Structure formats: C-alpha cells, structure tokens
Amino acid sequence: MRADPARIYAAGSLVAPIKELIAASGLPPTSFDTPVFGPAGLLGQRLEAGEKADLFASADLAQPQRLVDKGSGLPVVPFARNTLCVMAKPSLALTAETLLEKLLDPATRLATSTAGADPGGDYALAVFDRAEAIRPGAGKILQDKALTLLGSPGAMVPVAGRSPGASVFLGDHADALLYYCSSSPATVKEVPGLVSVPLPSTLEVHPVYGLTVIGTNPDAMRLALFALSKDGQTILVRHGLLPIAGP
C-alpha cells in the first residue's frame, strides 16, 4: 500500500523550482498533494500551530530549525543558495556604484519583505546592518524608510494576475525593491524597463535555503534527496538559485 500523498510546504521564491523538482523526480504525480507556497515565516507558524506537512523547504535555515527544535522534523539540510538584488524603476538610474547612495536618498521609496513573516525581510535587515558598517547611520535610515510591502497578509494587494514583486512597481508603491536575484528575471519581464542590480559584495548576506522532512513519508524523503542530487541541483540553478556546494 502506498503512503498518502506527500504534503510540501515551500517558500514563495521556490514555486517554479519545486514544481519542476516534483515533475523530474521520477515519482508518480499522485505521490504529492498540490504544494503550498507562501512566505516561509508564515508557513512555519502554520506548521507550529498544527498544520501538517511532510517536507518544509524554506528560504532560510531558521524557520525549519524552529520546527526541529520543537521536536518536529529531521535535521535541517541546506539545499540551495541565493543572492539579493535591487530592482528599480529606470528613472532611478541605478547602478552597482550608486546603489547605496540611491537607496539612502530621501526621495527613493524602498520596498522590502516583512521580517519575521518572510526570510526576505530578515535578509533585508541584515543588509541594512552591513550598510551601517560601511556608513554609520545608514542602517537606521534604511530600516526607518523601508516599506514592508511583501511577505505578510494585507501588506499590499497584488495587481490581479501579476506577481507581488511586479505589483510593487505596477501599482507605483515604491521606486526600488530589495528582492531575491532568482526572482528578478521573471519580475523584469512583467514590468517594462525595470532594472535589476545585484548587491555589491560589501552588502550581500548570502541567503541559504534549508529543508526538513517531517515524519516518515517516503516520497517526501525521496524528493528531498533528489533536490540534493546533481540533477536536482541543476534544476535549482536553472531557476536562478545557486548550488549548495561551490564558490
């Protein structure tokens, strides 16, 4: 008798790669329920509150570790990395050299995800800390001005049929968005003229994605192992993520 379909909870930045991993895993389509995607912090809170999943893939290590610390899940395994970019309206004339200066400009409306609810927001705060080390006072300026438009219920109503990242610009909510670089290409396609600039090394905080298998569902374990395999890592790279091993 086959196990019940595996329930996958995964960060919103993993929608496309998780779907491809499932399709390429070699497991029957009936092996998985429809995956649940969303801000990883909120998903983690739902799991802590009693919702059931067999695999939790987060955009950080902290959220799955919270479940492990509470007695749920196997040890957290890093499975991918990311980088951060600033997407901006063309009128901002953003470049790598002017990035920090432009973000500190009082006239620039800067959007981020919501710390606590979404690891993207926590990474943004870490970037602000790095800015503080470069220029005393910059961290507080950035934290005070940041508009937490993504990653929590009601933060911003997306434009119908468009991604939240694109909606930041299509709805004219901000001039710049600190976002995962893996999500930039799709967002740039949605918003004509939008530019995406990677953070300089002095500001980059190197996001690491982690997963935990909860319970004993064998297909959840197989999917986790496939994500760590050479073929699985190739899929993740194809979607703009970085392999867990390498420079």
Side-chain angles (χ1 to χ4, degrees), residues 9-18 35-46 56-64 80-89 92 94 99 102-103 108-131 139 141-191 193-199 203-210 239-241:
Y9 277 36
S13 56
L14 290 171
V15 172
I18 287 290
V36 176
F37 296 104
L42 297 183
L43 292 180
Q45 291 171 22
R46 288 166 58 178
F56 177 34
S58 177
D60 69 353
L61 302 176
Q63 301 305 323
R81 297 177 293 140
N82 212 334
T83 52
L84 295 177
C85 288
V86 174
M87 288 185 286
K89 294 180 176 180
L92 206 59
L94 190 70
L99 187 144
K102 293 285 187 179
L103 296 186
T108 301
R109 297 173 297 166
L110 172 64
T112 70
S113 294
T114 305
D118 184 354
D122 298 306
Y123 291 133
L125 294 181
V127 170
F128 299 164
D129 286 342
R130 283 185 169 263
I141 291 172
L142 293 170
Q143 186 169 346
D144 287 347
K145 74 182 302 186
L147 305 169
T148 52
L149 300 181
L150 304 180
S152 64
M156 180 195 68
V157 178
V159 175
R162 298 302 183 97
S163 69
S167 297
V168 168
F169 300 99
L170 295 173
D172 192 29
H173 298 289
D175 305 303
L177 171 64
L178 183 56
Y179 213 54
Y180 296 118
C181 289
S182 65
S183 300
S184 292
T187 306
V188 168
K189 286 182 180 179
E190 291 186 79
V191 185
L194 199 68
V195 298
S196 179
V197 178
L199 290 185
L203 293 176
E204 180 58 65
V205 296
H206 307 289
V208 177
Y209 285 43
H239 288 280
L241 294 159

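Not measured: the values here are computed from a predicted model.
- Using a 4.5 Å heavy-atom threshold, the side chains of Leu177 and Leu150 count as touching.
- In this structure the side chain of Val168 never reaches within 4.5 angstrom of the side chain of Thr187, judged on heavy atoms.
- The side chain to side chain donor-acceptor pair (under 3.5 Å) contacts involving residues 141-159 comprise Thr114-Ser152, Lys140-Asp144, where partners must be two or more places apart or lie in separate chains.
- Counting all heavy atoms, side chain and backbone alike, His206 lies closest to Glu204 at N-OE2, 2.9 Å.
- By the salt bridge (Lys or Arg N to Asp or Glu O under 4.0 Å) test, Arg130 pairs with no residue at all, sequence neighbours left out.
- At distances below 3.5 Å, at least one donor-acceptor pair connects side-chain atoms of Thr108 with backbone N or O atoms of Lys102.
- At least one side-chain heavy atom of Leu99 sits less than 4.5 Å from a side-chain heavy atom of Leu199.
- With sequence neighbours left out, Pro39 forms a side chain to side chain contact (heavy atoms under 4.5 Å, CB included) with Leu42, Asp118.
- Across all their heavy atoms, Ala176 and Leu92 have their closest contact at CB-CD2, 4.0 Å.
- Remark: Arg46 pairs with Glu51 by the salt bridge (Lys or Arg N to Asp or Glu O under 4.0 Å) rule, at least two apart or across chains.
- Residues Leu14 and Pro17 meet the side-chain proximity criterion, which asks for heavy atoms closer than 4.5 Å.
- One N or O on the side chain of Tyr180 and one on the backbone of Gly120 form a donor-acceptor pair closer than 3.5 Å.
- Under the side-chain hydrogen bond (donor to acceptor under 3.5 Å, both in side chains) criterion, Ser184 pairs with Ser196, sequence neighbours left out.
- Taking all atoms of both residues into account, the shortest heavy-atom contact from Gly165 to Phe169 is O-CD1, 3.5 Å.
- From Leu94, atom CG reaches atom CG of Leu103 across 6.5 Å, with rounding to the nearest 0.5 Å.
- For the residue pair Leu43 and Phe56, the shortest heavy atom distance occurs at CB-CE1, 3.9 Å.
- In this structure, the salt bridge (Lys or Arg N to Asp or Glu O under 4.0 Å) partners of Lys89, at least two apart in sequence or on a different chain, are Asp172, Asp175.
- Atom CE in Met87 sits 8.5 Å away from atom SG in Cys181 (nearest 0.5 Å).
- With sequence neighbours left out, Ser183 forms a side-chain hydrogen bond (donor to acceptor under 3.5 Å, both in side chains) with no residue at all.
- Evaluation of the side chain to side chain contact (heavy atoms under 4.5 Å, CB included) rule for His173 yields Leu149, Met156 as partners, not counting sequence neighbours.
- Of all heavy-atom pairs between Leu142 and Ala131, the closest is CD1-CB, 3.7 Å.
- Within the 4.5 Å cutoff, no side-chain heavy atoms of Leu84 are placed close to those of Tyr179.
- For Ser163, the side-chain hydrogen bond (donor to acceptor under 3.5 Å, both in side chains) partners at least two apart in sequence or on another chain are Glu190.
- Scanning for side chain to side chain contact (heavy atoms under 4.5 Å, CB included) contacts around Asp60 gives Ser58, Ala62, Gln63, Pro64, Pro119, Tyr123, with sequence neighbours left out.
- Legend: residues meeting side chain to side chain contact (heavy atoms under 4.5 Å, CB included) with Ala124, ordered by chain and number and at least two apart, are Thr112, Phe128, Leu178.
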